[in-house]
There are 2 protein chains.
Amino acid sequence: MVPVTEQAGTSDGARPMRADARRNYEKIVAAAREVFAERGAEGSLDEIARRAGVGPGTLYRHFPTREDLIDELMRDWTSRVVADSDNAVAAGRPARETLVRWFDDLVRHLTLHRGAAAKLSAAMDDRSSPIFRKCQQLADANERVVRHLAETGELRRGVEPRHLMRLVAGVAVVADAAAVTDEEIAAMLGIVIDGVVLDPAPS
Amino acid sequence: MVPVTEQAGTSDGARPMRADARRNYEKIVAAAREVFAERGAEGSLDEIARRAGVGPGTLYRHFPTREDLIDELMRDWTSRVVADSDNAVAAGRPARETLVRWFDDLVRHLTLHRGAAAKLSAAMDDRSSPIFRKCQQLADANERVVRHLAETGELRRGVEPRHLMRLVAGVAVVADAAAVTDEEIAAMLGIVIDGVVLDPAPS
DNA sequence: ACCTGAACACCGTTCAAGT
DNA sequence: ACCTGAACACCGTTCAAGT
């Protein structure tokens, strides 16, 4: 099955862009990476166009909505996260250990840009969002990990992968606040893990 | 102990406002209630001033920041939530049942206005925020409930009230998405509760 | 002491005019 | 086919002028 629907990237199935368009496209993406890194996922689009050295109209031509731009920036790490989930399953570690690593991975990626977790979390329920597909990929990756662990009988019955995904997204959103430390994030995820793993907690 | 620091309300310790100022103040609050109910906590301040029939400067005179306005709107229910926490402790129910009620209360209030949970969650770490005090009140209420249950020995050791507060705030933030049902919220809170309560879950 | 409303800066979005 | 940049609407914020 060939992914015909993916488009607008740099080298996949779509009809190639004109040279100048392609150059602008890449300058916009680079500028967006900068601005989002500095200001978060709500950074000014004007500022991005300015730094890319293009008119605002050019940005809109390539990325009709802010989400389309975020979607492009998510490309890199979405596939990385999916790969991580495969490894998590393949490693065959105990449920608790597997979840600690997997959730930590997930939160780390979701908090790469401030505000991104909130956007992702909202798009999970919005089929019309340009990043819905990416959300699905993440949710699917999570579902594979959780279902795998459920099959080994190490999880409580009735645990829905979807609820775990949302919970972890919630942790990522509150983790966006500057004052939340890695230890606190780990502690919060620990509570969630204790809530779904069957074996009694070490402490 | 008299709460001397509370101000800007309608009838407490502060020097009374001039009649016209007072009228405007109340018109602004009423308009804000409307707009926030319709558009969430990021609703337009211009729109609020317009509906209140005052100039934008008047709104700024009474509420220098958006948070100050939110703070005023939170007045009602903050005290209600605190009272709920007192009842939760006094009722002396089993830990699981107590937490189910308490967390449900908390999330229900935090999601009253869209976007409010996110603001609250951010302000928890920001002493300079006008709503920091209210956040503290909520966090304190939660701490009383959790500490009480911890003393009865029904909770796992090492559970920090602060982490639970953040987790519940996270649930509230993701619950802001329209598509999240009450059942899903209950399920997510259920996982968190399973993560902190000692007795084996019914299922 | 309080209010008004004009003014400014900034942003998202559109579109006619260009090449 | 693609780009530019002016134009518009909207918003938050400030402040001089009024009463």
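Every chain is numbered from 1 and lettered A, B, ... according to where its sequence line falls, protein lines coming before strand lines.
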### Message
Taking the side chain as everything from C-beta on, heavy atoms only, tell me whether A/M17 gets closer than 4.5 Å to A/H62.
### Response
yes
### Task
Assess whether atom CZ of B/R33 is packed by more than 12 heavy atoms of other residues, nucleotides or ligands within 6.0 Å.
yes
### Query
For B/H109, which residues count as a ring pair (Phe, Tyr, Trp, His ring centres under 6.0 Å) partner, sequence neighbours excluded?
B/W77
#### Entry: Set of residues satisfying side chain to side chain contact (heavy atoms under 4.5 Å, CB included) with respect to B/D86, sequence neighbours excluded
B/V82, B/R144
### Task
Using a 3.5 Å limit on both pairing distances, list the dot-bracket string of DNA chain C from the 5' end; Watson-Crick and G-U wobble pairs count, crossing pairs take [ ], interstrand pairs take |.
||.|||||...|||||.||
## Note on the structure
Reading nucleotides 8-19 of chain D from 5' to 3' and marking B where a protein heavy atom lies under 4.0 Å of the base, S where only the sugar-phosphate is that close, and - otherwise, the string is ---SBBBB----
### Task
Under the side chain to side chain contact (heavy atoms under 4.5 Å, CB included) rule, collect the residues that match up with B/S128, sequence neighbours excluded.
B/D126
### Query
Partners of B/M124 by side chain to side chain contact (heavy atoms under 4.5 Å, CB included), sequence neighbours excluded?
B/C135, B/M165, B/R166
### Task
Kindly say if A/H62 contacts the phosphate of D/dC3, meaning a side-chain N or O under 4.0 Å from OP1 or OP2.
yes
### Query
Can you tell me how far P of D/dC3 sits from CZ of A/R23, to the nearest Å?
10 Å
### Task
Would you kindly give the CG-to-C1' distance between A/D20 and D/dT4, to the nearest whole Å?
12 Å
### Query
Can you tell me how far the NE2 atom of B/H113 sits from the CG atom of B/L73, to the nearest 0.5 Å?
5.5 Å
### Query
Does a side-chain N-to-carboxylate-O contact under 4.0 Å join A/D71 and A/R133?
no
### Query
Using a cut-off of less than 4.0 Å, is there contact between a side-chain N or O of B/N24 and OP1 or OP2 of C/dC3?
yes
